[in-house]
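Notes follow once the structure below has been shown.
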Amino acid sequence: MADLSTSSHAKGSDEVKDFICSSCKEQAHADFYCKTCLKLYCGKCIQLHDKWFKKHSAYGRNDMKEWPVSKQVEEFLLKCQAHKDDKIEMLCDDHSQLCCTKCAFNDHSQCSKVTPINELTDMQPTDLQGLSVELETVLGEIKSLQISQELSVQALLRTYKEHGAVMIEQMRGNLNFNIDDIDECGNSYVSTSGGHEQYLKEEMCRSVLFILNEFDNITVKELNEMRDEVISIKGSITSSIIKCTSLHNDLSHFHEFVQKIGDNKELCLIASIKCKHIIQQALTLLGKSGEVFNAQSITKHNVRIPSDKDVCYIRSICVLPDGQVLVVDWNNQNVKLLNQQYQVVSHWDVNARPLDICLITPSEVAVAVNTSNIHEVQFITVSQGKLVSGRKFQLQHECTFITHHQGDLFVTSGQELYKYSLNGKLVCRLYQDRSSVPTVFKCAVSPTGDRLYITSPDQDKLLTLARDGTLLATYSDPALRDPSGLHVTPAGQVLVCGWGSNTVLQVGWEGESKLAMLATQEDGVKFPRLVCYSSTTSSIIVGQLEDNNILVFRVE
């Protein structure tokens with residue numbers, strides 16, 4: 001048996017001292033292993049070893065596949081996650097899950113196939129080198145996401161400070177304007193009315209103070225709204241950063257351990273399975289899960305209310321984290337709140353035609369309103385089953401569709417895609433199509449914000465853009481004519497519906513291939529204009545042209 005000394009593994013540490021020198025008494029870090037001696041040596045001791053044993057072959061850390069597996073790595077890989085004192089001994093095929101004997105008895109006794117690991121080592125090939133490369137790639141992507149999220153938090157705080165400064169400056173300007181107005185009117189009145197000057201000034205001062213108080217209340221209300229938005233979005237991003245950090249640590253450990261397993265077939269198999277699970281978690285966080293939906297039952301739900309003057313024309317749907325649903329009715333110029341059973345419980349009348357809606361915080365949404373002379377973004381809060389209007393800002397261009405990601409608002413105008421901050425400040429124009437017909441229609445953003453998707457109905461295309469607006473991919477399909485509705489799930493699944501083909505498709509996150517045909521005219525889909533996914537109910541919601549009903553597809 002090899003005389004191998006190992007130190008314990010400290011999770012979260014930058015360096016894992018897995019091997020220590022077998023010869024010296026200084027507990028030095030081992031850098032070499034001699035297969036003949038079956039011993040580990042530090043840099044100092046290897047020199048003496050090589051002097052006395054010139055024919056022995058010593059392997060450095062670049063050849064760790066020749067080293068034995070350390071107890072630390074072995075314990076880490078073999079330990080059952082549910083029962084820390086038990087070792088992994090079996091694999092459940094039904095759940096693709098590693099388990100100890102307790103897990104097998106408690107959780108997998110009804111499963112069709114639970115196989116001992118030692119029976120699988122020669123049946124299931126493992127590619128640790130390929131896994132190592134994949135782990136390294138995902139590690140880099142997780143780190144990039146973490147950096148991007150930290151920058152988003154900084155941008156959010158800047159937006160709030162800028163908005164506060166603008167509002168205060170407006171209040172000061174209003175105050176100065178009204179004081180000057182009082183003096184001018186007072187002087188003019190003195191020249192004509194003599195003794196009534198003081199009375200007039202007092203009346204004007206009362207009026208101006210009332211106006212200023214109202215303006216001050218509006219200012220405070222807007223600042224409070226934006227403060228709450230920033231706090232909520234910052235909390236969500238911070239939570240994601242924590243997940244990134246945890247996953248990055250786990251991936252780093254697996255990446256390090258994979259280098260040290262050697263040719264132990266049992267550990268190779270276990271490491272391979274565990275690595276695939278952790279990589280899948282990382283891909284889900286990155287919005288690249290690749291999981292394909294399978295539509296099950298279909299139900300219809302009527303969203304027309306007594307006050308509606310016309311048939312419903314649902315142009316957009318937004319699902320809140322608690323499962324409530326908001327639908328934008330273009331024909332009847334309102335936004336309706338639906339409970340988890342898709343029953344209308346409240347509504348809010350819009351001053352013009354509402355076109356789109358997107359989630360800002362768990363209880364707040366932004367609505368795109370657009371007519372020939374009105375182009376604005378209106379914020380609405382859902383509070384105790386009611387819709388409460390908040391601040392809004394005007395745009396200098398058409399406002400057709402809108403989506404949001406971590407404090408950035410993306411607005412389409414028909415030919416362009418713009419990025420705005422939450423306070424209505426134009427950041428940049430990301431994309432432009434100079435075609436004579438509207439080509440930049442509905443927009444959606446990936447969970448990580450590194451990809452933007454745009455439907456172009458007149459060109460029968462789905463466009464995929466990079467974060468900076470660079471065109472990455474163009475997708476077209478005979479089964480996707482006049483693509484209109486578009487939605488990206490929290491896991492990165494891209495859903496798009498064809499208005500002209502009566503279809504709902506799932507497209508790969510790269511925006512280059514069809515993964516599944518989720519629904520067709522045979523399923524009741526006719527002129528679909530929008531599609532949305534509810535994580536709460538695991539359902540896909542479809543709205544159609546001039547139809548009082550929404551379709552709800554339960555999916556697996």
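If you read the sequence from its start, that first residue is 1, and numbering goes on from there.
- Side-chain contact between R529 and W499: present, with at least one pair of heavy atoms (C-beta onward) separated by less than 4.5 Å.
- When atom types are taken as modelled, the side chain of T381 and the backbone of S383 share no donor-acceptor pair closer than 3.5 angstrom.
- Taking the ring centroids of F410 and Y418, they lie at or beyond the 6.0 Å cut-off.
- A distance-only check finds no donor-acceptor pair linking the side chain of E556 to the backbone of F293 [under 3.5 Å].
- Between K288 and E141, at least one side-chain nitrogen of the basic residue sits less than 4.0 Å from a carboxylate oxygen of the acidic one, meeting the salt-bridge criterion.
- Using a 4.5 Å heavy-atom cutoff, the side chains of Y453 and K442 are not in contact.
- No donor-acceptor distance shorter than 3.5 angstrom exists from the side chain of E416 to the backbone of Q432, with no hydrogens or angles considered.
- Minimum heavy-atom separation, V552 to S539: CG1-CB, 3.7 Å.
- Put simply, the side chain of C399 does not reach to within 4.5 Å of the side chain of S413, judged on heavy atoms.
- When all heavy atoms are compared, the tightest approach of C358 to I402 is CB-O, 3.7 Å.
- Taking the six-membered ring for Trp, Y420 and H397 have ring centres closer than 6.0 Å.
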Quick one: do T536 and Q340 satisfy side chain to side chain donor-acceptor pair (under 3.5 Å)? Show the steps, please.
CA-CA 9 Å; T536 308; Q340 292 186 17; 5.9 Å; no
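- A salt bridge does not link D460 with R481: every distance from a Lys NZ or Arg NE/NH1/NH2 to an Asp or Glu carboxylate oxygen is 4.0 Å or more.
- The aromatic rings of W330 and Y313 stand perpendicular to each other, their planes meeting at an angle above 60°, with 30° marking the opposite boundary.
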When you look at H301 and T299, which way does the side chain to side chain donor-acceptor pair (under 3.5 Å) test go after all the steps?
CA-CA 7 Å; H301 301 272; T299 55; 3.0 Å; yes
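- Atom OG1 of T159 and atom CG of D408 lie 7.5 Å apart (nearest 0.5 Å).
- Between C497 and S484 there is a side-chain heavy-atom pair separated by less than 4.5 Å.
- With S446 contributing its side chain and D450 its backbone, the two residues share a donor-acceptor pair below 3.5 Å.
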Check step by step if side chain to side chain donor-acceptor pair (under 3.5 Å) holds for S236 and S239.
CA-CA 5 Å; S236 176; S239 175; over 6 Å; no
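- Here the side chains of W509 and L283 are not in contact, with every heavy-atom distance at 4.5 Å or above.
- Q280 contributes a side-chain N or O that, together with a main-chain N or O of S289, makes up a donor-acceptor pair within less than 3.5 Å.
- Under the 4.5 Å side-chain criterion, counting only non-hydrogen atoms from C-beta, D329 is not in contact with V335.
- The shortest distance between side-chain heavy atoms of L422 and M226 falls below 4.5 Å.
- The pair R315-D356 does not meet the salt-bridge criterion, since no charged nitrogen lies less than 4.0 angstrom from a carboxylate oxygen.
- In this structure, D523 contributes its side chain and V525 its backbone to no donor-acceptor pair below 3.5 Å.
- Closest approach of T400 to L355, counting heavy atoms only: O-CB, 3.2 Å.
- Considering only heavy atoms from C-beta on, V507 comes within 4.5 Å of L462 through its side chain.
- With rounding to the nearest 0.5 angstrom, the CD atom of E398 is 4.5 Å from the CG atom of N370.
- Residues I374 and A352 share a closest heavy-atom pair of CD1-CB, 4.1 Å.
- Side chain of D468 to main chain of T470: a donor-acceptor pair is present (N/O by atom type, distance under 3.5 Å, no hydrogens or angles).
- Of the inter-residue distances, the one linking F401 atom CZ with I357 atom CD1 reads 13.0 Å to the nearest 0.5 angstrom.
- Under 4.0 Å is where a charged nitrogen must lie from a carboxylate oxygen, and between E229 and K234 no such pair does.
- We find that D308 and K336 are joined by a salt bridge, their nearest charged nitrogen and carboxylate oxygen being less than 4.0 Å apart.
- The two residues S252 and L139 have their closest heavy-atom pair at OG-CD2, 3.5 Å.
- The backbone N or O of H347 sits nowhere less than 3.5 Å from a side-chain atom of N334 that would complete a donor-acceptor pair.
- For H404 (side chain) and L359 (main-chain N/O), a donor-acceptor pair under 3.5 Å exists by modelled atom type.
- Heavy-atom minimum distance, L505 versus A479: CD1-O, 3.7 Å.
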